[in-house]
Amino acid sequence: MSGKPFFITTAIDYVNNLPHIGTAYEKIGADVLARFRRLEGDEVFFLMGNDEHSVNVKKEAQARGLDPQRYCDQMADAFLSIWRKLRISFDDFIRTTEARHAAAVQALFTKIHQAGDIYPGKYRGLYCDSCETFYREKDLPGGVCPQHGTQPRPLEEDNYFFALSRYAQPIRQAIEEGRIRILPDIRRNEILSLLDSGLEDISISRSTFDWGIPLPIEPRHVVYVWFDALVNYISAVGYGWDMDRFRRIWPADVHVVGKDITRFHCVIWPAMLLAAGLELPRMVFGHGFVYLKGEKMSKSLGNIVRPLDIVDVYGSDALRYYLLRETAFGSDGNFTWENFTERFNRDLANDLGNLLQRVLTMIRRYRDGRIPAPSSLDEEDRALRDDCLGLYPEVRTCLDPGRGDLDFHVALARIWETVRHANQYVDHTGPWSLHKKGLEERLNTVLYCAAECLRFLGAILYPFLPEGSGKLLAQIGWAGPADPPRAEDLLAWGKLQPGNRVASPEPLYPRISDSPRQTPGASHVETPQERAAAAAGSNAPEEISLDEFHRVDLRVARILEAERIPKTDKLLRLRLDMGKERTVVAGLGRAFDPADLVGRLVVVAANLKPTRIRGILSEGMVLAAGEGEALALVTVSGPAKPGDRLR
Ligand code: MSP
């Protein structure tokens, strides 16, 4: 490490339970920022960790009959494995039971004590174990903790106090002068009004509890867990054990924390730093909460959805995309399985996954799997190129905390504009008909532009969807830097090398079937056409009533797109407009050239149970008569339009 890195941190988690989607949300958000800065060429130091000295951690260890340290060791392994699965790219992971941390806490305590800001006293009051916070009666509406809804317990102890009250004015000044920035604005305003209402000195030691770091001046006391935990941001980078390293890395550029603990980071932490004569963090970002069916998924409340549930089944990108796209990082959001499935299928599987699949398939079919060399660009090509060139600058604006919020959801919406643009570009330029008409030069240009656009998408998605980004770039034959990609490659069109070989298309994000918890890829093998053929081969069908006939939803559909499915001459993947778009796999391949089908109005049995054929979810059956090469399509004429029902 040479100069000062961009230093980004998350809150360190209590280990009385495993991570859940809420705690993962924070790490994912911070990871996007860290990866984006790496893509920009910045040196980044991304710190995470575990907060191990809490009352609840000790209770949990006892409940399991484990020594607290052993329990924390086991939990650290579990946390690390979850964060790795989620592709959180932290550079260091601090645990508050480490020797380097104890050294820093004691050094900082001594420094503040010497400055005269720590004094002994007696604490009498109320304490919430879940928040690890002392409460004033007036801050407890209805006598219960505002975070946990539980009654804090009375506590009376000999404690040491920190003279927090002295720092209200200096902190206010630091905020107003922009020396410490608090985002989003709502959090800044909260802190300013807290400072206006005045600060009281706080107890920073515990004498009736022994799971913690001993006070250097009174070893029978341990340091209060927040006074211990906040120090992780400097203990990890050398404070108290390698001051040169500390001076090179500190201050933090961004502390990413939840809105419930912003006040610890914007009041107590700056006061501790000021008391010790240290620089303040440059920014605190207080993100919103992810709720499950409207209730906070706090570990203490017990209704937890573990990120692993999604990651193991659908991959890390699935969870990352959902959480980042669904809600503004500064606001609260809800997690529902329904929305998750919808977003995944629509945005990842259909829009992005299919785009890649289509382009690769055509490059393999028409150009033997090699990226063709483009000729001069026409208007449509230039529009796609300019769209791609706008990606990086616009995403950058969204991810620049100096400008305001961290707008991950806006950045993703912008990227998806390009994904849709690229799909429309392929629909419109129609490589299959260019091929049919023998317009080879034009076909080269179109295929090149589509693949080059995918290169931009792969690179700009790196911070958000690291798994898919790597796969996508590899599949289109990108041989340049990919982990991280380079910003400069996002500023120039034409970097994808003609002649490079593309991979055989592998679904980037296989669709999730209707039941959201089902493992993707668990598919039926029999096609609707095969089923129909089997039925036709049997004896004459039994009679059915008119009511039974009406149960079949027959609809007019326009074929928007048709392409062959690899390794079969029979099956085609059709994209249909039926009022809504859907995909159907049809056994029309021996009778029709895909290009000839595009634009035709056909009839589809629309309410057949979706079935997976060759990894593609087929949502209906196109009606046809005959077999093999002598197949006749059932079509409609007259003023019918897509979505009309047949009666
Ligand atoms: N140990 C303290 C933090 C000390 S930092 C010096 C703590 N731990 S925690 O495990 O309860 O929470 C860790 C982080 O996750 C916090 O930033 C918290 O705000 C965040 N979240 C906890 N539940 C959350 C949601 N349901 N949604 C979003 N973030 C959530 O607090």
Side-chain angles (χ1 to χ4, degrees), residues 8-31 47-58 60 72 75-76 78-79 82-83 86 88 93-97 101 104-105 108 128-133 145 147-148 187 212 223-236 252 254-270 272-273 281 284-307 319 322-324 326-335 408:
I8 172 168
T9 72
T10 63
I12 54 172
D13 295 359
Y14 292 131
V15 294
N16 47 310
N17 219 326
L18 286 169
H20 52 72
I21 286 184
T23 45
Y25 182 52
E26 172 175 301
K27 314 313 181 233
I28 292 170
D31 186 57
L47 175 68
M48 283 177 30
N50 278 353
D51 189 352
E52 303 183 324
H53 286 136
S54 107
V55 173
N56 284 330
V57 171
K58 186 170 180 194
E60 193 58 39
C72 290
M75 290 304 272
F79 269 71
I82 292 173
W83 299 141
L86 266 170
I88 310 294
F93 195 87
I94 179 93
R95 297 177 49 194
T96 54
T97 52
H101 181 70
V105 169
L108 190 76
C128 171
D129 284 346
S130 292
C131 299
E132 294 278 15
T133 305
C145 163
Q147 300 289 337
H148 295 89
R187 303 275 95 86
V223 178
Y224 163 53
V225 64
W226 273 99
F227 208 85
D228 163 341
L230 288 161
V231 179
N232 89 87
Y233 304 126
I234 58 174
S235 68
V254 194
H255 288 317
V256 178
V257 296
K259 63 176 187 177
D260 57 330
I261 59 167
T262 312
R263 64 206 159 100
F264 292 94
H265 288 77
C266 298
V267 178
I268 300 181
W269 180 226
M272 289 164 69
L273 291 165
V284 176
F285 192 98
H287 63 76
F289 263 57
V290 182
Y291 294 92
L292 179 66
K293 291 181 189 144
E295 209 175 344
K296 191 175 88 168
M297 280 181 298
S298 149
K299 293 170 200 171
S300 325
L301 292 177
N303 53 348
I304 290 162
V305 173
R306 290 172 47 185
L319 181 65
Y322 177 80
L323 291 175
L324 294 166
E326 196 69 13
T327 313
F329 198 48
S331 318
D332 293 343
N334 276 312
F335 179 90
F408 302 135

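Residue indices begin at 1 and follow the sequence shown. Both counts, for ligands and for their atoms, begin at 1 and track the order of listing.
- The structure places OG of Ser235 at 8.5 Å from CG of Asp228, a figure rounded to the nearest 0.5 Å.
- Taking every non-hydrogen atom of His20 and a distance limit under 4.0 Å, the qualifying atoms of ligand 1 come out as 23 (N), 24 (C), 26 (N).
- Note that CZ of Arg95 is 9.5 Å distant from NE2 of His53, once rounded to the nearest 0.5 Å.
- Which parts of ligand 1 touch Asp51 is read off a 4.0 Å heavy-atom cut-off, strictly below it: atoms 1 (N), 2 (C), 4 (C).
- Residue-to-ligand polar distances place Val290 within reach of ligand 1: an N/O pair is separated by less than 3.5 Å.
- Looking at Gly22 next to ligand 1, an N or O pair under 3.5 Å apart turns up.
- Only the side chain of Trp226 comes within 4.0 Å of ligand 1, judged by heavy-atom distances.
- With rounding to the nearest 0.5 Å, the separation of CD1 in Ile12 from OG1 in Thr96 is 5.0 Å.
- Using a 4.0 Å heavy-atom cutoff, Glu132 is absent from the residues neighbouring ligand 1.
- Gly288 counts as a contact of ligand 1, since one of its heavy atoms falls under 4.0 Å from the ligand.
- Proximity of Trp269 to ligand 1 is not established, as no heavy-atom distance is less than 4.0 Å.
- Looking at ligand 1, you'll find an N or O of Glu26 within less than 3.5 Å of one of its N or O atoms.
- Annotation for ligand 1: atoms under 4.0 Å from non-hydrogen atoms of Asp260 are 18 (C), 19 (O).
- For a threshold of 3.5 Å applied to N or O pairs, the pair formed by Ile12 and ligand 1 contains at least one separation below that value.
- Here Asp13 has heavy atoms under 4.0 Å from ligand 1 in both its backbone and its side chain.
- When all heavy atoms of Asn16 and Val57 are compared, the pair lying nearest together is N-CG2, 3.9 Å.
- Here is the list of ligand 1 atoms found below 4.0 Å of a heavy atom in Gly258: 17 (O), 19 (O).
- Checked against ring-ring contact (aromatic ring centres under 6.0 Å, His included), Tyr25 has the following partners two or more places apart in sequence or in another chain: His287, Phe329.
- Distances from atom 9 (S) of ligand 1 to the heavy atoms of Tyr14, Phe264, Phe335 put Tyr14 nearest.
- Judged as a ring-ring contact (aromatic ring centres under 6.0 Å, His included), and not counting sequence neighbours, the contacts of His265 are Tyr233, His255.
- A pairwise comparison of heavy atoms in Ala11 and Ile261 identifies CB-CD1, 3.7 Å as the closest pair.
- Thr97 contributes atom OG1, which lies 10.0 Å from atom CG of Asp51 (distance to the nearest 0.5 angstrom).
- Using a 4.0 Å cutoff on heavy atoms, Tyr233 counts as a contact of ligand 1.
- Note: Leu47 CG to Asn232 CG = 5.5 Å, rounded to the nearest 0.5 Å.
- Note that CD1 of Ile88 is 9.0 Å distant from OG1 of Thr10, once rounded to the nearest 0.5 Å.
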